[in-house]
Amino acid sequence: MQQNHSKRTASQAALKQGLLLSSVLLAGGVHAADVADQGDAAVVAEAAAIGVVQAGNEVPSVTVSATRRNASLQSVPLAITVIDGERLEQANRNSIESIVQEIPSATFRQQGGNKDSTIFVRGIGTISTSPGVEPTVSTVIDGVVLARPGQATLDLLDIDRVEVLRGPQGTLFGKNASSGVLNVVSRKPGQQLAGFVDGGYYEGNEKRVRAGVSGALVPNVIAASLNALYADYDGNVNNVHAGGGKVNGYERKGLRARVDITPREDLDITLIADYLRGTGSPSFTAYKSTSAAFSQAIAPVIARPDNRSVNVDLPSDIRDTNRGVSAQVDWRVNGYTFTSISAARDWDNAQYTSTSAIGNSAEASRITAAYPATRDIGTVAFSQVSQELRVASPKDGFVDYVAGAFYLHGKDREVYQRIVTTNTVNSGRADYGVKNDSYAVFGEATLNFTPALRGIAGARWNRDELAYDHARTSTQTTAFAGVQPGVQSDGSVTRDGYSGRVGLQYDLAPGINTYATYSRGYKGPAYNVFFNMLARDTLALKPETSDAFELGLKSSWLQRRLTVNVAAFHTAYKDYQANFYDTVAGAVVTRLINAGEVSTRGLELDVTARPTQQLSLNAALAYTDAQIDQFNCPAAAAASCNLNGKTLPFSPKWKSFVRANYGIPLNNGLLLDLSADYSYQSRTQYDLFQSPDAIQGAYGLLNAGVTLSSTDGGWRVALVAKNLANKSYATNLVASTGYVTRGVPRDDSRYFGITARKEF
């Protein structure tokens, strides 16, 4: 949280001429606390305290924790994207789904509810609702690993920055980071008593209100912050059913408390507690109809690419509760830092959805027997506890290392019920759960051969103990639409796995360094535990492994007015865990299998420039070629397995993001900030089995903003414009028999908003 601007010191005032632009002006996700300029320590400390950057036109230094210790972004031999939390809030990007617009190497899949979400990095991600499989991209919040992908569908409350680490990160971040890491870092409380209130209102009756207070409870010993959030949105999809109103919206309420304790100079303790409750009504709309019966059934809705209407008597209703506590202790002894992170988290999820695009009533099912009315009701109760211990060595020796041990216990219980209405009502119910104990020992070292040449070596050992149980009951002894008869099973598996990284880093010149690394990725065994689980699903899937090569260049030019970072990569995956189409009880479903071998290769470019003190430019570009090399076709597959050489889903070949900010200091002491950003994505196949109806064409989105702020007054007002070109697009396309449905994003059409903030 920024400090109280009314209490600035004389030294702060003296810095104003050289520190005109606050972090609001900067488009590169820059934080004053990350300034690493050499010079007077007091000046740097003051700059960090008031949230501004160093004098001149330099691109400010950014600190990241990608190596489990703070280091400059430009010095870390990894491809990383860093985005400022306050900047995301101003742009109305408040979820992972919206953040990926700024990250060319990442995409996001939403399929109904949060339980079904998937993050992809460099074209790789795991699509499954099973609690017995891990994500491929790990989400870490303040050092705490989230075991289930649904936990990552959070609202960004009190966020300092988001770091996206691209490529396998298993050595330091574990087995569910085989294609990348989403590392979220919250804001630290300040010493001065300060607070803020901000709010936003956007077309479509979307409202967001945040408030917070922070300061020292005991000066220089205990500092604390408390932040609260309320947000709601009616939605941008019309339900034309009688009394249906708007759907595809949300409501969220959250609290986050943090206490930083420094009882003595060599000891830091951080205590964090958070709670977020959300409801949503995600709705897929009819995108295309190839069946007269389907077109009749959805009337008066007309299937078309820009359709934002449904006709359902029971809209989707998704409810989530995320809560957790953590304690981090950092103890510094003789240059070593010993760290302990203890955490406990719970995630409760309830999903009330329809598997039919025409509604849930018996009336709808009588229109055509081809589309029986269905209602799925599922609940998730997931809990995890984790403990990490590690040590970081001093940085002034030949060997600079981080080593540690990690343990996580996860427990999942789920109930899933499907109600099918034709002329009669039938149903099935499954009760199932998964327990997972994960153990790891890890370490990574930097070998300082010369001041310019460094070696990198690291390894991680993982042990997984995974067990499941499953029982299904049914109103029928034979299969009916989408429901198998009753059955039960259980099983367990224990596996050891290894990951690691080796490489070299060389400084070509001051401000220019190159690196070459090889990484071994590992994702543990899995069970395909789901409602219609069959006997063939009782065997554990093999672990997924990967071999990744990366070449990178990080450079600063023109007296640090320009930074250019380039990364080239190639990663090959074996025993890739993916879904394929299968027929169960007359319904086409997806089953998790070891699909075979896939690979991803490409080139990434990140550019940041400060041509003048007022102008900031950012550009990022990714070329990603993610494809299926050898697909293992199961027996009795419900779709063609002629997939070798085909593109992996949710992996556009080209994706880019460009942002410009221009700050104009006014004579009355105010600052006018003009901003614009443009994101582009090439045609994208959303279906592993290459359905021509599941291809989203290339599109671009243009956004803009105008901000007026007063540094001394501690206030800010902004006008925001989203999707100025009014481009309709789909975040997902699902091809079914006779029709295609699409996921409708928040910015599917142009909208405007206003935000305001007051600090005190």
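With sequence neighbours left out, the side chain to side chain donor-acceptor pair (under 3.5 Å) criterion links D748 to R308, S728, R742. In this structure Y699 satisfies the ring-ring contact (aromatic ring centres under 6.0 Å, His included) test together with Y729, sequence neighbours excluded. Listed by chain and number, the residues in a side chain to side chain donor-acceptor pair (under 3.5 Å) with Y202 amount to none (sequence neighbours excluded). Scored by the side chain to side chain donor-acceptor pair (under 3.5 Å) test, Y250 finds E206 as partners (sequence neighbours excluded). Applying the ring-ring contact (aromatic ring centres under 6.0 Å, His included) criterion to F173, with sequence neighbours excluded, gives no partner residue.
Across all their heavy atoms, L671 and P665 have their closest contact at CD1-N, 3.9 Å. Shown here for P745 and N236, the closest heavy-atom pair between the two residues is O-ND2, 2.8 Å. Nearest heavy-atom pair across V312 and N239 is O-ND2, 3.0 Å. Closest approach of N227 to G212, counting heavy atoms only: OD1-CA, 3.6 Å. Across S138 and V145, no two heavy atoms sit closer than the pair OG-CG1, 3.8 Å. Contact record, S214 with G190: OG-N, 4.0 Å, taken as the closest heavy-atom pair.
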Going through the checks in order, is the salt bridge (charged side-chain N to carboxylate O under 4.0 Å, His left out) test met by D84 and R161? CA-CA 5 Å; D84 176 71; R161 67 183 185 272; over 6 Å; no
Under the criterion ring pair (Phe, Tyr, Trp, His ring centres under 6.0 Å), I'd like the reasoning laid out for Y686 against F650: C-alpha separation, chi angles, the key distance, then a yes or no. CA-CA 5 Å; Y686 289 137; F650 294 87; 4.8 Å; yes
Starting from the C-alpha separation in whole Å, work towards a yes-or-no answer on salt bridge (charged side-chain N to carboxylate O under 4.0 Å, His left out) for R323 and D348. CA-CA 9 Å; R323 53 186 174 269; D348 295 325; 2.9 Å; yes
Checking R746 against Y233 for the side chain to side chain donor-acceptor pair (under 3.5 Å) test, could you report, in this order, the C-alpha distance in whole Å, the side-chain angles of both residues, the deciding distance, and whether it holds? CA-CA 10 Å; R746 169 64 179 100; Y233 171 48; 3.2 Å; yes
Run the salt bridge (charged side-chain N to carboxylate O under 4.0 Å, His left out) check on D142 and R256 step by step: do they pass? CA-CA 13 Å; D142 289 322; R256 185 177 181 87; 2.4 Å; yes
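Taking the charged nitrogens against the carboxylate oxygens, E102 and K655 have no contact shorter than 4.0 Å, which rules out a salt bridge. A salt bridge links D274 with R345; the closest basic N to acidic carboxylate O contact falls under 4.0 Å. A salt bridge links E604 to R122: one of the charged nitrogens lies within less than 4.0 Å of a carboxylate oxygen.
Both the sub-6.0 Å distance and the 45° axial angle are not jointly satisfied by R252 relative to the ring of Y230. With Y287 as the aromatic partner, R304 does not meet the cation-pi criteria of under 6.0 angstrom to the ring centre and within 45 degrees of the ring axis.
Side-chain polar atoms of R166 and T81 form a donor-acceptor pair below 3.5 angstrom. A donor-acceptor contact closer than 3.5 angstrom is absent between the side chains of N723 and D747. Donor-acceptor pairing under 3.5 Å is lacking for the side chains of S186 and D160.
Of the possible donor and acceptor atoms, one in the side chain of S682 sits under 3.5 Å from a partner among the backbone N and O of W654. Of the possible donor and acceptor atoms, none in the side chain of Q384 sits under 3.5 Å from a partner among the backbone N and O of A344. N183 contributes no side-chain N or O that, together with a main-chain N or O of T139, makes up a donor-acceptor pair within less than 3.5 Å. Between the side chain of T285 and the backbone N or O of N307, at least one donor-acceptor pair lies under 3.5 Å. One N or O on the side chain of E203 and one on the backbone of F752 form a donor-acceptor pair closer than 3.5 Å. Judged by distance alone, with hydrogens and angles left aside, the side-chain atoms of S283 form a donor-acceptor pair with the main-chain N or O of S281 at under 3.5 Å. For Q328 (side chain) and I341 (main-chain N/O), no donor-acceptor pair under 3.5 Å exists by modelled atom type.
Annotation: side chain of L670 is in contact with side chain of S710 (closest heavy-atom distance under 4.5 Å). Between V213 and L193 there is a side-chain heavy-atom pair separated by less than 4.5 Å. In this structure, L182 and I119 have side chains that are in contact, with non-hydrogen atoms separated by less than 4.5 Å. Looking at heavy atoms from C-beta onward, F657 lies in side-chain contact with D677 at the 4.5 angstrom threshold. Two residues are said to be in side-chain contact when any heavy atoms from C-beta on lie closer than 4.5 Å; W347 and T321 fail this criterion.
Other residues, nucleotides and ligands contribute over 12 non-hydrogen atoms within 6.0 Å of the CZ atom of R750. In K253, the NZ atom is not crowded: 12 or fewer heavy atoms of neighbouring residues, nucleotides or ligands sit closer than 6.0 Å. More than 12 heavy atoms of other shown residues, nucleotides or ligands fall within 6.0 angstrom of atom CG in N668.
Note on residues 228-241: pairs passing salt bridge (charged side-chain N to carboxylate O under 4.0 Å, His left out), not counting sequence neighbours, are K207-D232.
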